[in-house]
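The next block holds one structure in the form of structure tokens; read it before the comments.
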There are 2 protein chains.
Amino acid sequence: MARGSNSNGVRRYNERLVLSTIRRLDGASKADLAKITGLSPQAAVRIVEGLEADGLLVVAGRRTGGMGQPSTIYKINGDNGFTIGVEIGRNRLTCVLLNFDGVVLATQTHDVAFPQPEAVIAEIAQFARVQLAALAPERREAFLGVGIAMPWFIGEWRDEIGVSADQAKDWGRADVEAAFRSGLDCPVFFENDGNAAALAELLCGVGLGVENYLYFHIGTFVGGGLVLGGQIHQGRHGNAAALASMPVPTPGGRDFLLHRASLYSLEARLGSGDDAAIRQAWLEDCAEAIAFVTVGANSLLDLDAVVLSGALDEAALETLGQLVEGKIAASAPRDFFTPSLLRGRIGEVAPAMGAGLLPLYASYTPNLGSLLKGADD
Amino acid sequence: MARGSNSNGVRRYNERLVLSTIRRLDGASKADLAKITGLSPQAAVRIVEGLEADGLLVVAGRRTGGMGQPSTIYKINGDNGFTIGVEIGRNRLTCVLLNFDGVVLATQTHDVAFPQPEAVIAEIAQFARVQLAALAPERREAFLGVGIAMPWFIGEWRDEIGVSADQAKDWGRADVEAAFRSGLDCPVFFENDGNAAALAELLCGVGLGVENYLYFHIGTFVGGGLVLGGQIHQGRHGNAAALASMPVPTPGGRDFLLHRASLYSLEARLGSGDDAAIRQAWLEDCAEAIAFVTVGANSLLDLDAVVLSGALDEAALETLGQLVEGKIAASAPRDFFTPSLLRGRIGEVAPAMGAGLLPLYASYTPNLGSLLKGADD
DNA sequence: ACGTTACTAAATCACCTTAATAGATTTAGT
DNA sequence: ACTAAATCTATTAAGGTGATTTAGTAACGT
């Protein structure tokens, strides 16, 4: 059940801590690392030397100018590995190639009415073949795996976008995981699309200095991710931050956030009159619902921040953000600590990018669990 | 910022893990501990020997009957320390004396119209004097401190129970903490009343085997606590699980849970007709609101369980639980994993007891943070 | 030249792990 | 009733991993 710890766990954790610190600072010296982590200088030396020997770090120059001996700056070795991230959306498939530093090297999107597993697997395999072929041969070895971001319940909420039961039946979670694992000849990681997007913001976007936030991703459907203590919160069944099914009140009773803050609901309204007015009314509705969920979530969790993001253009996102801010201010209880309302930096590609980060997150994040026995790489 | 780890942290964590495991199993042998924690038998031996030498553990007998050499059972040494827990309620003050094993040795309650800090401090000091005088002299040394459980916003929501601004003004959080620390000559710990009650259930009640749950405490006002990963989730300002101010929909719009699921709201209704019918209608209202909050919280967090508790008699709590279960089933979305709906075991004294557990929780819980440097005792 | 800062090397400390051994009790056989 | 095997607990001793301490060296600015 609860496991003990030993010195192997200590090293594992300290290595990950060094890596993530270097990542966060975009380069650091051994002395910097010792100061920031509280490790002894000697420990920092040995850990950095080890990581350099393993090819995870490279020397990126010297920092001079101050007094004393100049410091040698180490950075993440982007060439140390590659991953592929995939977002399986309800009407689009997105593939990205990431390097070991989380930089997007290539992107491919493909609109599709409603995806089917075999076709998706074939497309991913094709993308991997093409992209890896373009790399130098010795680098191909360093392929770390594929991450898949998708709605867990792609088959539910079918009526909203006119998907038949027949189309949906191939998307049962266990079956899909098995099919992908056998169809792709490499490690495969899965995550909820909202959580994947939140992970991308956590590691490469607005979340770099934020430890606790709720992330809204407004796409065809609204999705969410929850970060607590700098870690993705998955919950018992991996279904946490299921924002689509958060209940919200409506004039006539109650409804789910999905129906109020998703682009499909905007698109369904468009074309029946003044589109600009319709868009504005939708934004109002959307903000009202998001503000309600935010107030509840923050009363429950006392967050640092709430991040708004998704497939909206920057102006619409900004308008939405201001509407939400206003509605929170108007409806918050007296004992409410309003969280910062941030805008996502990564945008539409966040779920795919987060998917690609999954293999790195699994092996190189300093989660405290890596201190325990049985957390072997 | 993020700290590294070393072998001292490992020992600290493993010691705490051993203590909590012995607590959970109500006694264990060295071999049991090695098996459960995954530590080597030798590590278990050294840790248990150390804890025994420090007086935290005592031999509680031998377990025989099975094959092989009988095992020596160790238990927490209740005499190793004492704490006092205090719940400052809006109309009552409760003090308890706990031993090192979390057993309640003495209780004192005192109804009071609306408490004032100086009077409360005097009463706690008096309780401490009397109770410690009754202990053997050598045990008095082992007094570990006082824990205080109170609503953070005792001055807010004044209108609901007719408290004047003048009465409330002495309860600003920072002032109160300073006053208690200087007025009581011992370590003082503070916690939100709901979180304290949840802590009592976590360490001594229904939460012993549950890692992630939301706790409802229905008293004069409704309070809450949130346990994630076996730890109290406090949030950025210590204001997490502020269930009183969770928004809920009503036929006419929206309201706060406080107004729908608190005993003051029942009492306000009573006396204007058939009390049994009023009580039933209130339970319905209450269940509706709690179910709404539960569905939202579980969509957000994907919990293991939800715990209902408070100052209701057992029958009322059971009725409420069944109503909530029914309303959750009726309103849950399709992608909803229903959490177990548990009833609290500790009841009305939970906040005071949890307060008394705070000093123990701070020093002896195997939170992963204790693995890091700078987490010294 | 001198102080400052970065870094390195060797010895040491703390803790966990492994392997071998002793001890205590039940079970099964005689 | 006695003995031997099996089983499990517990201890002893040696070994391993990793962080820390201490002392020293290297490189730079003033």
Side-chain angles (χ1 to χ4, degrees), chain A residues 3-18 27-54 57 59-74 366 370-377, chain B residues 3-18 22 27-53 57 59-74 366 370-377:
Chain A
R3 311 293 290 179
S5 178
N6 61 16
S7 44
N8 296 326
V10 168
R11 169 56 76 100
R12 191 163 47 224
Y13 176 81
N14 286 341
E15 280 180 351
R16 292 179 177 210
L17 180 62
V18 162
S29 71
K30 291 165 180 166
D32 293 339
L33 292 165
K35 261 173 258 162
I36 291 169
T37 62
L39 291 168
S40 66
Q42 201 44 230
V45 166
R46 300 190 65 124
I47 290 168
V48 168
E49 278 175 355
L51 293 172
E52 190 187 11
D54 290 348
L57 293 179
V59 173
R62 290 163 75 78
R63 182 171 51 207
T64 179
M67 257 198 275
Q69 176 170 341
S71 44
T72 307
I73 304 298
Y74 293 83
S370 53
L371 277 156
L372 303 184
K373 302 174 65 153
D376 306 55
D377 290 348
Chain B
R3 311 294 290 180
S5 178
N6 61 15
S7 46
N8 297 325
V10 168
R11 169 57 78 96
R12 191 164 45 225
Y13 176 80
N14 286 341
E15 279 180 354
R16 291 178 178 212
L17 180 63
V18 162
I22 290 177
S29 71
K30 292 165 179 167
D32 293 340
L33 292 165
K35 260 173 265 164
I36 290 169
T37 62
L39 291 168
S40 67
Q42 203 36 235
V45 167
R46 299 191 67 126
I47 290 168
V48 168
E49 278 174 354
L51 292 173
E52 191 187 10
L57 293 179
V59 174
R62 290 162 74 78
R63 183 172 50 209
T64 178
M67 246 189 282
Q69 176 169 340
S71 44
T72 306
I73 304 297
Y74 292 83
S370 54
L371 277 155
L372 303 184
K373 300 174 67 154
D376 306 57
D377 290 350

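In what follows, chains carry the letters A, B, and so on, assigned in the order in which the sequence lines appear, proteins first and then strands, with residues in each chain numbered from 1.
One can find a donor-acceptor pair under 3.5 Å joining the base of D:dT12 and the side-chain atoms of B:Gln42.
Here the shortest heavy-atom pairing between A:Arg62 and A:Thr72 reads NH1-OG1, 3.7 Å. Nearest heavy-atom pair across B:Ala375 and B:Ser370 is CB-CA, 3.9 Å. A:Ser5 and B:Leu371 get closest at one heavy-atom pair: OG-CD2, 3.6 Å.
Put simply, CE on B:Met67 is 6 Å from P on D:dT7, counting in whole angstrom units. Rounded to whole Å, atom P of C:dC15 lies 16 Å from atom CG of A:Leu371. For the pair B:Gln69 CD and C:dA22 P, the computed distance is 14 Å after rounding to whole Å. Atom CG of A:Leu39 is separated from atom C1' of D:dG18 by 11 Å (rounded to the nearest Å). Rounded to a whole Å, the OH atom of B:Tyr13 is 13 Å from the P atom of C:dC16. Taking atom NZ on A:Lys30 and atom C1' on C:dT5, their separation rounds to 14 Å, with Å as the unit. The distance from atom CG of B:Leu33 to atom P of D:dC8 is 18 Å, rounded to the nearest whole Å. Atom OH in A:Tyr74 sits roughly 13 Å away from atom P in C:dA6 (whole-Å rounding).
Here the side chain of A:Asp32 pairs no donor or acceptor atom with the backbone of A:Lys35 at under 3.5 angstrom. Under a 3.5 Å cut-off, the side chain of A:Ser7 and the backbone N or O of A:Val10 do not form any donor-acceptor pair. At distances below 3.5 Å, not a single donor-acceptor pair connects side-chain atoms of B:Arg63 with backbone N or O atoms of B:Ala28.
At a threshold of 4.0 angstrom between heavy atoms, the contacts of A:Ser71 are confined to the sugar-phosphate backbone, with no base atom among them. Using a 4.0 Å heavy-atom criterion, one finds that A:Val10 contacts the sugar-phosphate atoms exclusively.
The nearest heavy atom of DNA chain D to B:Glu49 and to B:Arg46 marks one nucleotide each, and the one closer to the 5' end goes with B:Glu49. Residues B:Ser5 and B:Ala31 both approach DNA chain D. Their nearest nucleotides, taken by heavy-atom distance, put B:Ala31 toward the 5′ side. Map B:Arg11 and A:Ile73 each onto its nearest nucleotide of DNA chain C; the residue landing nearer the 5' end is A:Ile73.
Direction change of the helix axis from one end of the helix from C:dA1-D:dT30 to C:dT30-D:dA1 to the other is 0°, with five pairs defining each end axis (rounded to 10°).
For the pair A:Asn14/A:Thr37, no side-chain contact is recorded, criterion being any heavy-atom separation below 4.5 Å from C-beta on. Contact annotation: the side chain of A:Lys30 never approaches that of A:Pro41 to less than 4.5 Å [non-hydrogen atoms, C-beta and beyond].
Taking 4.0 angstrom as the limit, A:Thr64 places a side-chain polar atom (N or O) nearer than this to OP1 or OP2 of D:dG29. The phosphate of D:dC8 (OP1 or OP2) has no side-chain N or O of B:Lys35 nearer than 4.0 angstrom. Dashed line: the shortest gap from a side-chain N or O of B:Arg63 to OP1 or OP2 of D:dC8 is not under 4.0 Å. Note on B:Thr72: a side-chain N or O is less than 4.0 Å away from OP1 or OP2 of D:dA10. Taking 4.0 angstrom as the limit, A:Ser7 places none of its side-chain polar atoms (N or O) nearer than this to OP1 or OP2 of D:dG16. Contact annotation: B:Asn14 side-chain N/O to C:dC16 OP1/OP2 distance is under 4.0 Å. Of the side-chain N and O atoms in B:Asn6, one or more sit less than 4.0 angstrom from OP1 or OP2 of D:dT20.
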